[in-house]
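Hydrogens, waters and symmetry mates are skipped; everything else that's a heavy atom, side chains included, is used. Letters go in sequence order (proteins before strands), and every chain restarts at 1. This structure is a prediction, so every number in the text was calculated from the model and none was measured.
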Amino acid sequence: MHAGRELPSFADLIDATIKDAIFIPAMFQDRLQSQLVPALQAAFQQLFSATIDPQQFAFQPTHQPRTGSGVEGDVTINVFPFLKLSGKGPEPTAMAVGEHLKANLPIVADFNVIKGFLNIVIADGYWLGFLQEAGEKDILQFPPTGKKVMVEFASPNTNKPLHLGHLRNIFLGDSVSRILRSTGNEVVRAQVINDRGIHICKSMLAWQKFGNGETPESSGLKGDKLVGKYYVAFDKAYRAEIEALIAAGKPKEEAEKQAPLILEAQAMLLKWEANDPEVRALWHMMNGWVYTGFNATYARMGVEFDKIYYESQTYILGKQDVLDGLKKGVFHEKDGAIWVDNTPEGLDEKVLLRRDGTSVYMTQDIGTAIKRFEEYSGLSRLIYTVGNEQDYHFKVLFLILKKLGYAWADGLYHLSYGMVDLPSGKMKSREGTVVDADEIIEEMVQEARNAGEQLSKLDDFTEDEKSQLYERIGLAALKYFLLKVGAKKRMLFDPAASIDLQGHTGPFIQYTFARINSLLGKSGSLKTHSIEEMSGWKMAAEERTVIKMLHQFPAALHEAATELEPSSIANHTYELVKAYNGFYQTLPVLKEEDPLKRDCRLHLSSAVAKNVKKAMWCLGIEVPERM
RNA sequence: GAUCCCGUAGCUCAGCUGGAUAGAGCACCUGCCUUCUAAGCAGGCGGCCGUUGGUUCGAAUCCAACCGGGAUCACCA
């Protein structure tokens, strides 16, 4: 295939290095565990004279059985791993540790033991303090790390429009950028545009031959769509030529190489490389159309870039670096070509410069990586958002850069994601089975509109307000659908079944936000209480659950940042919102007569709304005030 | 042939640094709007966690083999 980075894994050797190098986005420590860990260590020290590595403590939320009497507790520690150290059975060990904690750590209000599980009840005061913090501060904004990171994503070819696969790439890259920003990093969002090569020449040639001077203006077509149309036209005419040649007795392979159209396209590429003014002018014009089209799509999605690399400017890079590497003995010459030997690392040999001295894909990536680290001083990480079909390519690239001796090579990371499948199988642009990006966005927005009109609770909205709302809801449904699945997993998209607006979806989360917003709007100003005043509040189970979900939010963000995995945030946000809805439908807020309870519930609602909004921001999803 | 990724409910997916009775959503069935937004809530139905072995007090989670699906291994990009 001709795709720049469009082809959508990793092996052990490099995996290890890269994994370790993945972000440590500031020192993050769970605020509850930071109190429990030292106390636990002290307990084991004093009770059993055992020194325990903090990593060894496995905390889990206290398990709640579905039926029967609930187990009391907020956090659970399993003592099985420590039985050898304590020299006692599970229950006595857990009991002893529990007693020690309760006696020495004020936030431990109580505990109980079931088998080897030590269930700890955390004092209300702790939760109240946290709730207050969550309401006042942005708990999903970590302190600055002082690190600068570049995230490359999108990276389309200019011969055809964006499709569903690009959407997964773009949403992932955009979200990862935001997550890294939220965890305190400075982020440079970059895309590489593959604007040169045989693919664009095909579109250009077909336009010249069959276009009759058609432009986006004259045709009313979006620029990228127009150019894509001629790419398809080329392919159709080219195939016809091949068939004619085959019919005339030529073998298929020969026919493919000798068809006049492909020869002409190749000739055009040579002219382009020779800077032929006419070809260059056509190229500028048609690429210009494509950029206008892409930019419209990016704008609609709310995605922006800080830096754009054009392959027409970068494809010459890397050659000198390879020659330098040859001098240093990192590479070797064979049959006139320059090779790297990665067999000691369990990989293959790979050509870096052809016998005729020209570059390959790898050469360019070597050069651009070096250039980026030169351009951006202090850049500590470079993340490539590229499909998993290029796992091997990046594995080799990173290894080469490491061999060249660049210290920053450890900061390279391939954010590899799985393909989006259709029920009919893989998307193939030539077979017309691609799902166009603009079309799917439009369909989702229409779906949101249909659903919204049926509910008819927006009668006082102007048409503009409605349109803006449906735009947000449709995009949220699409983005959330693509982001909630773990990035590495291959996923299925069924256009016929369409994306839900109910259940585990973006709109569900938006709806909860809007509902809270409505509550807050009706309540007037939030009355703040000190923790002492709030301590008169007897938390209901539903309220406690919501607070605990909120409490886990920073850890979810931290995980999303270390794993570069937006689905962690997406799924946690859903869990939180689900818990909130349970609370909302069980307990009165505005109708609560006890003013303290009412204020506390409003406070809780406000904190949920605020953090949900930030979490959704991390996914690139906007939340509406009303819906 | 070699390497990598994936196999969890009818469907789409969580859970995977080993821990209590494996969870959601959709679909299907039952309730809940004269009461803060029903794009909601509560409940029901639905599982040899691909198979077989191994490690362990304990395995969906770790290891091995196998089966099934996908990808990659160009002097293509």
message = Base, sugar-phosphate or nothing for M491(A)? Non-hydrogen atoms, less than 4.0 Å.
response = sugar-phosphate
ask   = What nucleic acid atoms does N78(A) come within less than 4.0 Å of, heavy atoms only: base, sugar-phosphate, or nothing?
value =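 N78(A): base contact, heavy atoms under 4.0 Å.
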query = If we take the P atom in both rG70(B) and rC76(B), what is their distance in whole Å?
reply =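 Roughly 28 Å separates the two P atoms.
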message = Rounding to an integer number of angstrom, what distance separates rA59(B) and rU21(B) when you compare their P atoms?
response = 12 Å
request  = Please state whether the rings of F80(A) and F117(A) are parallel, tilted or perpendicular, taking 30° and 60° as the class boundaries.
outcome  =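 Perpendicular, since the angle between the ring planes exceeds 60°.
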ask   = Can you tell me if T385(A) and N169(A) form a side-chain donor-acceptor pair at under 3.5 Å?
value =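 No, N169(A) and T385(A) have no side-chain donor paired with an acceptor closer than 3.5 Å.
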query = Strictly by modelled atom types, are E559(A) and S568(A) linked by a side-chain donor-acceptor pair under 3.5 Å?
reply =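 E559(A) vs S568(A): donor-acceptor pair found between side chains.
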Measuring to OP1 and OP2 of [N], would you say a side-chain N or O of [X] lies under 4.0 angstrom away?
{"X": "K484(A)", "N": "rU12(B)", "value": "no"}
{"X": "S518(A)", "N": "rC36(B)", "value": "no"}
{"X": "N388(A)", "N": "rA71(B)", "value": "no"}
{"X": "K489(A)", "N": "rG7(B)", "value": "yes"}

inquiry  = Can you confirm whether K257(A) is buried at NZ, in the sense that more than 12 heavy atoms of other residues, nucleotides or ligands lie under 6.0 Å from that atom?
reply    = no
key: Note: R354(A)-D335(A) ion pair, threshold 4.0 Å (strictly below)   = no
request  = Decide, yes or no, whether a salt bridge links D74(A) with K548(A) under the criterion of side-chain N to carboxylate O below 4.0 Å.
outcome  = yes
task = Give me the residues of residues 471-482 of chain A where at least one heavy atom lies under 4.0 Å from an atom of RNA chain B, by number, or none.
result =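 Close to the strand are I473(A).
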request  = Would you indicate which nucleotide in rU21(B), rA77(B), rG19(B) comes nearest to any side-chain atom of E311(A)?
outcome  =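 When the side chain of E311(A) is considered, rA77(B) is the closest of rU21(B), rA77(B), rG19(B).
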message = Stacking between rA20(B) and F117(A), yes or no? Criterion: centroid separation under 5.5 angstrom, plane angle under 30 degrees.
response = yes
